[in-house]
*Asks:* 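Dumping the structure here so I can ask a few things about it.
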Amino acid sequence: MNFILNNLPWCWLAVTILCIIIEGFSQSLTTIWFAIGAFVLVCLSFLPIPLVWQFLIFILISLALLLFTRPFVEKKLKLKKTPTNVDSLLGKNAIVVNEISRLQKGRILVNGIEWAASSVDDSELEKGSECIIERIEGVTAFVKKAPNVEK
């Protein structure tokens, strides 16, 4: 324990570096605030502040930064959720391969892949008709009739 108390600036620096490494792997803007809190404690650890108070200061600074600055930084960086393959299908047109009725699932074809499909509004969709994917739950696409486009 005496070793830690004599080397507190180095311990806080190690915590800072560890938090930065974790943030580098996760990129979630979470542990970076704890790295900043630990870096502040690197400077404060040169003052005669008891270890318990240093730890409390570290927690308070880190949590305050996390709660009050993370949303602002996320908005400024405009971090976007990368859509998965499934997310990219929402709103796309598909062709009905097997009829979809109120009581029975059918199948649709979108991007060359067949999906099990159900109607979102319990309407019937005939084979060969066009539909729009509204949502996907598990392996089932929920679709609605595509509006008729007059040429």
*Asks:* Within this structure, what is the OG1-CD1 distance for the pair Thr16 and Ile21, rounded to the nearest 0.5 Å?
*Replies:* 11.0 Å
*Asks:* Go through the structure and list residues passing side-chain contact (heavy atoms from CB on, under 4.5 Å) with Val120, not counting sequence neighbours.
*Replies:* Glu134, Arg135, Phe142, Lys144
*Asks:* Would the number of heavy atoms belonging to other residues, nucleotides or ligands and lying under 6.0 Å from CZ of Phe39 be above 12?
*Replies:* no
*Asks:* If you apply the rule side chain to side chain contact (heavy atoms under 4.5 Å, CB included), what do you find for Leu63 with Phe34, and how did you get there?
*Replies:* CA-CA 8 Å; Leu63 288 177; Phe34 290 88; 4.1 Å; yes
*Asks:* Output all residues satisfying side-chain contact (heavy atoms from CB on, under 4.5 Å) with Ile136, sequence neighbours left out; order by chain, then residue number.
*Replies:* Val86, Leu89, Leu90, Trp115, Ile133, Ala141
*Asks:* Measuring from Leu51:CG to Leu56:CG, what's the distance to the nearest 0.5 Å?
*Replies:* 9.5 Å
*Asks:* Check whether any side-chain N or O of Ser45 sits under 3.5 Å from a backbone N or O of Val42 as a donor-acceptor pair, and report yes or no.
*Replies:* yes
*Asks:* Indicate the atoms forming the closest heavy-atom contact of Ile108 with Ala94, along with that distance.
*Replies:* CD1-CB, 3.9 Å
*Asks:* Identify each donor-acceptor pair in which a side-chain atom of residues 95-107 lies under 3.5 Å from a protein atom, sequence neighbours left out, and give them as a table.
*Replies:*
from, atom 1, to, atom 2, distance (Å)
Ser101, OG, Gln104, N, 3.2
Lys105, NZ, Thr140, OG1, 2.8
Arg107, NE, Glu114, OE1, 2.9

*Asks:* Does any non-hydrogen side-chain atom of Ile132 lie less than 4.5 Å from one of Pro147?
*Replies:* yes
*Asks:* Which value, rounded to the nearest 0.5 Å, describes the distance between Leu47 atom CG and Leu41 atom CG?
*Replies:* 10.5 Å
*Asks:* Taking Ser28's backbone N and O only, do any of them form a donor-acceptor pair with Glu23's side chain (distance below 3.5 Å, no angle check)?
*Replies:* yes
*Asks:* Counting only N and O atoms by type, is there a donor-acceptor contact under 3.5 Å from the side chain of Asn111 to the main-chain atoms of Ile113?
*Replies:* no
*Asks:* Once you round to the nearest 0.5 Å, how far does CZ of Phe58 lie from CG of Leu60?
*Replies:* 11.0 Å
*Asks:* Considering non-hydrogen atoms only, spot the tightest contact between Leu8 and Gln54 and give its length.
*Replies:* CD1-NE2, 3.5 Å
